[in-house]
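To keep things clear, I will list the structure first and then write my remarks on it.
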Amino acid sequence: MSRWRFAWGVARRELDWRFRGLRILVACLFLGVAALAAIGGLAAAVGDELAARGATILGGDVEFSVSQRRASAEERALFAAAGRVSETIRMQANAVTPAGGAPIQLKAVDDAYPLYAQVHLADGRRAMHPPAGAAWIAPALASRLGLGRGATIGLGSAMVRVDGVIADEPDRLGEGFTLGPVVLVSTATLARTALVQPGSLYDTRYRVRLPAGTSPDAVAARVTRAFPAGGWETKTRDRASPGASRFIDRMGEFLTLVGLAALAIAGIGVGGGVSSFLSARRGGIATLKTLGATGGDIARVYAIEIGVATVIGVAAGLAAGAAAIPLLAEALGRVLPVEVGLAIAPWPFARAALYGALIAVAFAAPPIAAASATPAAGLLRGALAPLRAAPWRARLVALVAGGAAIMLAIGTSAQPALAAGFLGALAATLLLLGGLGRVVRIAARRLPAPRRPLPRLALAALHRPGARTEALVVALGLGLTLFVLLTAIRTSIDAAIATTVPARAPALFVLDVPRDREAEFRRIVARVAPGAGVTTVPLLRGTITAFARTRVADLKQLPEGAWALRGERGLTYADTLPAGSTITAGRWWPRGYAGPPLVSVDERLAKALDLHVGDPLTISVLGVERSARIASFRRIQWDTLGFNFVLVFSPGTLADVPHNLAATIDAPSARTSAITAALLAPFPSSSAIEVRGVLSQVRDLVGQVALAIAAAAGVAVVAGIAVLVGAIAAAREARTYDAVVLRMLGATRAQLIAAQLIEYAMLGAVVAGVALVIGLSGAWYVVTRMFDFPWAPDPSAVAVTLVAGLGVTVLIGIAGAWPIMRVRPARALRTI
């Protein structure tokens, strides 16, 4: 009989459908694989949906956009030479009715719109573009102003008839974030409104439908080469919604790392579960060895059993991950750019399964090898004779499997440095907790024994033969660290959204205030809301085309953190340093400065681009390039929601460019509607935006993101609990021996439980401080570096969570020890 046939025969007899002894292994692998499969599958499904509908989402195969101007005849001719062209103009405006008004996103389209698909209206009609003199409105606007088909709204200086309510706008996702519901009109209707004036803030988009076989990237590159100073921002159907794609990529990356951490934590539970499983089979292993089975035979038997359990755990995890994808999509709601149903992407699921298999090998190989290498006599001595150390070959197998899992994580990551840093931090945490467990064992051995019997028993349990102190410290530490981490992240984000931003934010933003009517604007606001604070700044749009000695068009990939190079940015000029900014390098120009053009730059952008004071910076405004020297770097308080600009120029740099003013109004929220109503008639081309509505959207989005993080980290918490259960199970044989001997000497169950409670309390007291430091450090990094929020955890919530988490873990430990108390001494002595 071959060795593997023999091993299979023995393994088949021991295995049963309930997987007694291997449930912890199955549960740990199930949790980790399910998390990775669900997260990776969701990200892949969203990416596939965006790619499949790219042309429809974008509104064409390639898009060219620019602010505050329309294409020149030469530019339009180049677009038309590539394919069929559609022009769209977008701007903020107000929809006015006798009952009031509302801020909207006005979108004007030509007769070629849309190049792909159709607009669906709520009454069942499908059409291409609205007729002249008519408008299609978003459901939110219809509900807010009580509008239906046939109603009339004022747009600028024109009255427009509502022709329908939009049910589906094919290129809505490609349009990006809007500050108000959409109103769709024709370009002829837009001309009647007189909203587009020199200096008005609007953006023009040209979508091109290309002939079959034409490369969108080649067309985009051709336009960039032909008009390098035009300030054109390009998109192709492959990246129809770059913001959504970047968000999904980053969020998927982060959640994948969290899932991988959950699987690594679960791997420790796998090791504990396998050790417990093999300890319970000491007698069977010893019998097989007495009958002539070799160590290799034993290894093959239990490798088969654990392999079958691994397959079951991984398969169940994949199934649960697939089923969780639509549930996650439903929970995330507005965070996701597209609707996702049940979707199974081969690579994320294969990667999750491979992770599960590698983790199982890495953590199961050493205990299997240790049991195989221990002689039968040592096995028959039971808990008093610990297993031999795993041979070097087994440790090498574990090292290779663990290294392969790490390389897989780093090699498949879009940000290898982030993945490596995350896994390095996780490894350091585990090593720190393991080292702490070792220190606790040594200290317990050297401390003088207490006089009272129960504390004496508890202290002795930390260093007696067979004690699993290191594993218990790691398990308790992981659980408490994750509890602290989650609480600190959630309370910091909640504090930033609920208190910091609203406390500093203005009540209203107003765009397109004519420069020559600023005094009139201020008088109207003061009349309606006496004491209201009004701040105005010049506002333009432009694109960074060069910095230092580098042309942006020559970059194959944008540097990390250089988000300001993606398309157009808001620009302004100022005589004095804006509120909310602090000079960190260089100096501000003097009041009344009239020298060569200067610019002040956000310090984070300067760091990302390796800029220095004195370097040149070039922007494109209205298709014309302008250059300035960097005079200073600023630290900006972005959370004020006031006027914060990445680039602020000296007054003479942009003052001659046609532009209007933007204003913020600080007033009681009860007066915002009155202020908006008072501004509608005298300033029809200006648009007022209530910050309260923007904050509501921000709260919803950030809340859903925080929910996704909490859900992913929750899996890690459950995995940490499984580690604790595994550690308790692995020490069951030694604890059973202790309990039986003590009960024979007269100890009661209550005394044994009390001694164990003291033991866990001592461990918890030691671990709590370390868990607090590690958890707060990890939460600080996530909040301040990944979400760029201020660090504001709730100390009382963190403290309560730490105490509650300690109580939960101690109760789990006591619950795991309860079956030991029910063992009958006479029966146990026959098997010890």
Side-chain angles (χ1 to χ4, degrees), residues 45-65 79-80 82-90 104-132 134-142 149 162-178 180-190 203-217 219-220 233-245 248 329 333-334 336-341 343:
V46 172
D48 291 345
E49 185 70 11
L50 288 174
R53 296 175 50 205
T56 301
I57 291 171
L58 184 63
D61 296 306
V62 62
E63 176 190 270
F64 304 96
S65 62
F79 300 156
R84 187 183 178 199
V85 182
S86 171
E87 181 188 55
T88 299
I89 299 174
R90 299 193 326 160
I104 61 167
Q105 176 84 119
L106 184 61
K107 177 178 176 180
V109 299
D110 61 8
D111 292 343
Y113 176 89
L115 296 176
Y116 287 93
Q118 292 179 310
V119 179
H120 294 190
L121 300 176
D123 57 10
R125 286 181 294 158
R126 297 189 177 189
M128 303 299 288
H129 44 266
W136 294 336
I137 65 175
L141 183 64
R149 188 177 182 186
V162 176
D163 184 58
V165 177
I166 301 170
D168 180 44
E169 185 184 357
D171 56 344
R172 172 82 284 276
L173 179 59
E175 298 283 0
F177 183 77
T178 61
V182 173
V183 173
L184 197 62
V185 300
S186 66
T187 51
T189 303
L190 177 65
D203 68 76
T204 312
R205 304 187 179 196
Y206 296 90
R207 281 81 175 266
V208 184
R209 181 166 182 165
L210 304 175
T214 304
S215 169
D217 292 327
V219 174
E233 180 181 358
T234 62
K235 296 179 186 177
T236 63
R237 63 188 178 218
D238 299 326
R239 299 285 287 180
S241 181
S245 298
I248 294 301
R334 291 171 55 196
L336 297 180
V338 292
E339 293 184 2
V340 176

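Side-chain atoms are counted along with the backbone in the values below, which use heavy atoms only and exclude waters and symmetry mates.
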Side-chain H-bond candidate by donor/acceptor type, Asp61 with Tyr116, under 3.5 Å: yes
Counterpart residues, side-chain hydrogen bond (donor to acceptor under 3.5 Å, both in side chains), relative to Thr88 (two or more places apart): none
So which heavy atom on [X] is nearest to which on [Y], and how close?
X	Y	answer
Ala140	Pro181	CB-CB, 4.1 Å
Ala138	Ile166	N-CD1, 4.3 Å
Ala135	Val185	CB-CG1, 3.7 Å
Ala134	Thr189	N-OG1, 4.1 Å
Ala220	Val62	CB-CG2, 4.2 Å
Val109	Pro130	CG2-CD, 4.0 Å

Point-to-point distance, once rounded to the nearest 0.5 Å, from [atom1] of [X] to [atom2] of [Y]:
X	Y	atom1	atom2	answer
Arg84	Leu210	CZ	CG	13.0 Å
Met128	Gln118	CE	CD	5.5 Å
Ile89	Leu106	CD1	CG	9.5 Å
Ser86	Leu115	OG	CG	5.0 Å
Arg205	Lys107	CZ	NZ	8.5 Å
Asp171	Tyr113	CG	OH	3.5 Å

For Ala117, all residues meeting side-chain contact (heavy atoms from CB on, under 4.5 Å), sequence neighbours excluded: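 Listed in chain order: Thr56, Pro170.
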Hey, is the main chain of [Y] close enough, under 3.5 Å, to the side chain of [X] for a donor-acceptor pair?
X	Y	value
His120	Ala167	no
Arg149	Asp163	yes
Arg207	Gly59	no

CA sep, side-chain torsions, deciding dist, call: His129, Asp110, side-chain contact (heavy atoms from CB on, under 4.5 Å): CA-CA 8 Å; His129 44 266; Asp110 61 8; over 6 Å; no
Check: Leu141 and Val183 side chains under 4.5 Å, non-hydrogen atoms: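 Yes, close enough: below the 4.5 Å cut-off.
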Under the ring-ring contact (aromatic ring centres under 6.0 Å, His included) test, residues paired with Phe79 that sit two or more places apart: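 With sequence neighbours excluded, Phe79 shows a ring-ring contact (aromatic ring centres under 6.0 Å, His included) to Phe64, Tyr206, Trp232, given in chain and number order.
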Within 6.0 Å of CZ in Arg126, more than 12 heavy atoms from elsewhere: no
